[in-house]
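Just below is one structure, and these are the notes that go with it.
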Amino acid sequence: MAKFDLYRELTRDIEPPVISLENVTKDYVDGLHALKNLSLQIDKGEFVFIVGSSGSGKSTLIKLLLKEINPSSGKIMVNGKTLSRLRESSICKHRRGIGVVFQDFRLLQDRTVYENVAFAQRVIETPAYKISREVPRILSVMGLSEKLDRYPSELSGGEQQRVALARALVNNPVILLADEPTGNLDPKNSWEIMRLLEEVNRRGTTVVVVTHNREIVDAMQKRVITLNKGVLISDKKGGYSNAKN
Ligand code: ADP
Ligand code: MG
């Protein structure tokens, strides 16, 4: 058993999962389940892929975890909090514990790389001295030290996604959610992003990655949760190909 797996076994009873869903159902339209009776747990420090064909409920799961939408029934806990019990005033704090990246990067086009990342700290009123220390640090981890003053339109897709990752991570979230982060990238840049996600995970962040990239999932041999039409059909360690049986 790998050292980290052993640690997780030993601490399982002490540390509750960072993400827990119990019988979660989400209907957008009456009678049509985007997610149906979904139960799963993700422990602190795990790296998990979520796979499944288009429309299987992957993005719905991400939105539920962020409390952008609420389940029709069932219970969701994130970072020790039951989401249905969060008041309006606590929702911001809840989201602060989660970094998110999307397929389409979602950068502010009229701001530089530095400002895109600093923005995530300004909105939570981080002191200026901390911003000027943290922003270059995380951009350096992402290999972007040379690009601080560039605008998103001057960057490649891979670089833009690395800025988005820096922005998602600058406030040290417990969880990183990535919804098809390599969907717009070529294989080389896709691998670069995955390598960074693995590094982020190695440093202790729990990482959940929605992806269609079979080759990467097969190569990385992580836990793979497969959804099909809103139902969890497989949850095991290994590749994409063997996930369904
Ligand atoms: P995935 O990310 O796996 O492609 P989604 O979670 O986006 O799947 O969607 C799951 C199902 O819910 C699909 O049938 C989709 O059409 C439906 N759906 C998603 N968002 C909405 C919405 N805002 N209103 C109505 N139906 C939706
Ligand atoms: Mg989706």
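Numbers here are sequence positions counted from 1. Whatever order the structure lists ligands and atoms in, that order sets their numbers, starting from 1.
- A salt bridge links E199 and R202; the closest N-O separation between the charged side-chain nitrogens and carboxylate oxygens is under 4.0 Å.
- Q160 places no side-chain N or O within 3.5 Å of a backbone atom of L107 that could act as its donor or acceptor partner.
- For atom 7 (O) of ligand 1, the closest non-hydrogen atom of the protein is S59 CB, 3.8 Å.
- In this structure, G52 does not count as a contact residue of ligand 1, since none of its heavy atoms falls inside 4.0 Å of the ligand.
- Residue S59 comes nearest to D179 through the heavy atom pair OG-OD2, 2.7 Å, listed as atom of the first residue, atom of the second, then distance.
- Closer than 4.0 Å to atom 10 (C) of ligand 1 lies at least one heavy atom of the protein.
- Atom 25 (C) of ligand 1 has Y28 CB, 3.2 Å as its closest protein atom, hydrogens excluded (heavy atom only).
- Side-chain atoms of H212 do not come within 3.5 Å of backbone N or O of T182 as any donor-acceptor pair.
- Within ligand 1, counting atoms from 1 as listed, the ones closer than 4.0 Å to a heavy atom of S56 are 1 (P), 3 (O), 8 (O).
- Not one N/O/S atom of T60, from backbone or side chain, sits under 2.8 Å from the Mg ion (ligand 2).
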Exercise. Where do E154 and K147 land on the salt bridge (charged side-chain N to carboxylate O under 4.0 Å, His left out) test, with the steps shown first?
Worked result: CA-CA 9 Å; E154 301 173 310; K147 309 274 177 179; over 6 Å; no

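- Residue Q221 places its CD atom among more than 12 non-hydrogen atoms of other residues, nucleotides or ligands, all under 6.0 Å distant.
- Electrostatic pairing of K67 and E88 does not count as a salt bridge here, judged by no charged N lying under 4.0 Å from a carboxylate O.
- An N or O contact shorter than 3.5 Å links G55 to ligand 1 by distance.
- Given atom 8 (O) of ligand 1, the protein heavy atom at minimum distance is G57 N, 3.2 Å.
- Closest to atom 5 (P) of ligand 1 among all protein heavy atoms lies T60 OG1, 3.7 Å.
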